[in-house]
Amino acid sequence: MTMTGKDDTSQNPPAATELRVERAGTRRYVGHSTRGARVEIGSADVEGVFTPGELLKIALASCTAMASDFTVSRRLGDDYAATVHVSGDADREAERYPRLEETYELDLSGLDPVMRDRLLDMIRRSVDSACTVGRTLAAGSEIGLGFETGRGPGASAVDAPR
């Protein structure tokens, strides 16, 4: 509480969500968040799981949709339907996705052509400025890899550049 009697949570931002992946079997893992979410991850030959590459693509598509949600709902209302499709083949020699392609499926038939083009431009600007996943993929990111090598006496934590 502040001196005015109002709750001021801006002084204490929410704790960052902690994420972890735990092995559940051969080539099968479960991702967890401290907010209670879970996702099953595995290789492409395991039924009922996402591969890491599929999760990367889903992260991009969902970020695109969420970054533009406010902009679209202001023009079309809160109950609009939208689907963002994402694809991209892996370059197995380089072990990376050289290009990811998104298609934003959205019914704009109720808008005149000028408003449609204006909204599409606004969506693109919203995504370009607010989609953290897309911005990170486009710019690249440094990745650190540390190790905890055991429990008890003699256990150590080692950081290694990647």
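- The two residues Asp112 and Val114 come nearest to each other via the heavy atoms OD1-N, 3.0 Å.
- Annotation: side chain of Val84 is not in contact with side chain of Leu60 (no heavy-atom distance under 4.5 Å).
- Nearest heavy atom pair, residue Ser126 against residue Ser68, reads CB-CA, 4.2 Å.
- The 12-atom threshold is exceeded at CE of Met122, counting heavy atoms of other residues, nucleotides or ligands nearer than 6.0 Å.
- Grouping the Ile, Leu, Val, Met, Phe, Trp and Tyr side chains by contacts below 4.5 angstrom, directly or via other members, places Val49 apart from Leu55.
- Arg28 contributes no side-chain N or O that, together with a main-chain N or O of Ile41, makes up a donor-acceptor pair within less than 3.5 Å.
- Note on Val86: it clusters hydrophobically with Val133, by side-chain heavy-atom contacts below 4.5 Å among ILVMFWY residues.
- Closest heavy-atom contact between Ala81 and Leu106: O-CD1, 3.5 Å.
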Evaluate Leu108 against Leu76 for side chain to side chain contact (heavy atoms under 4.5 Å, CB included), listing each step before the verdict. CA-CA 8 Å; Leu108 301 180; Leu76 301 181; 3.7 Å; yes
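- In this structure, Tyr104 and Val72 have side chains that are in contact, with non-hydrogen atoms separated by less than 4.5 Å.
- Between Leu56 and Phe50, every side-chain heavy-atom pair lies at or beyond the 4.5 Å cut-off.
- No side-chain heavy atom of Ile143 sits less than 4.5 Å from a side-chain heavy atom of Leu145.
- In terms of heavy-atom proximity, Thr71 sits nearest to Ile123 at CG2-N, 4.4 Å.
- Atoms CG and CZ, on Leu111 and Arg75 in that order, are 10.0 Å from each other to the nearest 0.5 Å.
- Counting all heavy atoms, side chain and backbone alike, Thr64 lies closest to Glu102 at OG1-OE2, 2.6 Å.
- Ion pairing between a basic and an acidic side chain is recognised when a charged N comes within 4.0 Å of a carboxylate O; Arg20 and Glu18 show no such pairing.
- Leu19 is not connected to Val39 by any chain of hydrophobic side-chain contacts under 4.5 Å among Ile, Leu, Val, Met, Phe, Trp and Tyr, and they are in different clusters.
- Counting non-hydrogen atoms of other residues, nucleotides and ligands closer than 6.0 Å to CG of Asp128 gives a total above 12.
- Heavy atoms from other residues, nucleotides or ligands lying under 6.0 Å from CZ of Arg135 number 12 at most.
- The minimum heavy-atom distance linking Lys57 with Tyr97 is given by the pair CE-CE2, 3.5 Å.
- When the side chains of ILVMFWY residues are joined at heavy-atom separations under 4.5 Å, either directly or via intervening members, Leu119 and Met115 end up in a single hydrophobic cluster.
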